[in-house]
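Letters go in sequence order (proteins before strands), and every chain restarts at 1. Worth knowing before you read on, the calculation uses all heavy atoms, side chains too, and leaves out hydrogens, waters and symmetry mates.
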Number of protein chains: 2
Amino acid sequence: MSTADRLIDATRELLWERGYTGTSPKAIQQRAGAGQGSMYHHFAGKQDLALAAIRRTTARMREVAQADLAGPGSAVERIERYLLREREVLRGCPAGRLTQDPDIVASAELRAPVDELFDWLRARLTAVVAEGQAAGELSASLDPRAAGAVIAAAVQGGYVLARAAGTAEPFEQAVRGAVGLVRAAAVRGAATTN
Amino acid sequence: MSTADRLIDATRELLWERGYTGTSPKAIQQRAGAGQGSMYHHFAGKQDLALAAIRRTTARMREVAQADLAGPGSAVERIERYLLREREVLRGCPAGRLTQDPDIVASAELRAPVDELFDWLRARLTAVVAEGQAAGELSASLDPRAAGAVIAAAVQGGYVLARAAGTAEPFEQAVRGAVGLVRAAAVRGAATTN
DNA sequence: GTCTATACCCCGATAGAC
DNA sequence: GTCTATCGGGGTATAGAC
């Protein structure tokens, strides 16, 4: 693994744990086992390195979500697989966390990858809901865009509630609630009778 | 307004905008129009002042939520009033924001007020859902605790998605989705026929 | 109660040797 | 590519005068 890669991964971890403001070049160098000069040789500065780290993190998250949503199963099954996937709840969301950082939100460049990830996620969830409706599996009265957004929000909000509580329980309740509401919107017996 | 009060309110604003790590004593003093010595006369330090600020913020938020949830109207109407209340979406949640700050989550004292606020909120939403079920207004098949958690999470997650997008639209979609799912769980015609 | 002075360390970056 | 030295500024707090 190259020095640049170790620097990027150290930055990813620190951004996740401490955010952009709370992450210093010195801390990155120590975690990566790289010197001052080495870091500034490979990257223009803290922001440049953060950008590389954010891009890598959002790319990975997209792959994972896509595996849940594009895999086998009905629309409801795929949504439940996304909602119920195991997560390191108390560590928070590596991408959602960044949205609370004023320096990231203030920078069009740093915010862009996060924006694109969540925009893609909502669109993807919206599409799966629409597929479920087309298959007669989900009630046609749902607004697919609103349903997609609330599913993504349930996960992100679940992280917030769990970190406030210091336990994963509120997260589990929130995703269970989302699953329950989706099932309530399911057309009864659709999977077998339609 | 006393100097101590101005210091607390300046801290509340800065915690909302920049978080705990991103807020310096100097910035607080400047915003409050107070000197160095003045701040350290009234408060033991940054953490002590932050604690006072967080307590005031969470107390205010609880009052506002209580007004939505304990006011007139059916259970569904009160939940919708909570979900659809006007919010400064792009500024984020003054309390939820704090859960992303490692120094706050790491301190039992600083986390406690945030924990209590969200714990109370979920319990309050759970109670309203249960009231709706008792009144025959909401489907008895809902798990009230899970439903209460996902309603709180929809709002918190809505903030995250909106800040990522740089527009309030994802927040609006998420709360609309939550409203839609609650309505789908409403017993048809319950308000008039039961 | 509020002020200024001072302390010590970290931040983010640059310079230039090797 | 990596190292050490250096820089100007800010973070957080204490001391002691007024």
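The distance from atom CG of B/D48 to atom C1' of D/dT14 is 16 Å, rounded to the nearest whole Å. C/dC11 atom C1' lies 11 Å from atom CD of A/Q29, rounded to whole Å. B/M39 places its CE atom 12 Å from the C1' atom of D/dT14, with the value rounded to the nearest Å. In this structure, OH of A/Y40 is placed 17 Å from P of C/dG16, rounded to the nearest angstrom. Between the CZ atom of A/F43 and the C1' atom of C/dA13 there is a distance of 16 Å, rounded to whole Å. Distance NE2 (A/H41) to C1' (C/dG16): 15 Å, rounded to an integer number of Å. Taking atom NZ of residue B/K46 and atom C1' of nucleotide D/dG10, one finds them 12 Å apart after rounding to whole Å. We find that NZ of B/K26 is positioned 18 Å from P of C/dC10, with the value rounded to whole Å.
Here the nucleotide nearest the side chain of B/T3, chosen from D/dT2, C/dT2, D/dG11, is C/dT2. Between C/dT4, C/dG1, D/dA5, one nucleotide has an atom nearer to the side chain of B/Q36 than all others, and that is C/dT4.
Listed pair A/S24 / C/dC11 meets the phosphate criterion, a side-chain N or O lying under 4.0 Å from OP1 or OP2. Residue B/H42 has a polar side-chain atom (N or O) positioned under 4.0 Å from OP1 or OP2 of C/dT2. The shortest distance between the side-chain N/O atoms of A/S38 and the OP1/OP2 oxygens of D/dC3 is not below 4.0 Å.
Counting any heavy atom pair closer than 4.0 Å across all strands shown, B/T21 reaches no nucleic acid atom. Contact annotation for A/G35: backbone-only contact, meaning every heavy-atom pair under 4.0 Å involves sugar-phosphate atoms and none involves a base.
Screening A/R97, A/R91, A/R87 against A/Y159 for a side-chain contact (heavy atoms from CB on, under 4.5 Å) leaves a single residue, A/R87.
B/Y20 does not carry A/R18 over the face of its six-membered ring by the limits of under 6.0 Å from the centre and within 45° of the normal.
Between the side chains of B/T57 and B/R60, no donor-acceptor pair is found at a separation under 3.5 Å.
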message: Using side-chain contact (heavy atoms from CB on, under 4.5 Å), reason through B/L83 and B/D68 one step at a time and then give a plain yes or no.
response: CA-CA 9 Å; B/L83 283 168; B/D68 290 334; over 6 Å; no
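Note that the CG atom of B/L15 and the CD1 atom of B/I104 stand 6.0 Å from one another [nearest 0.5 Å].
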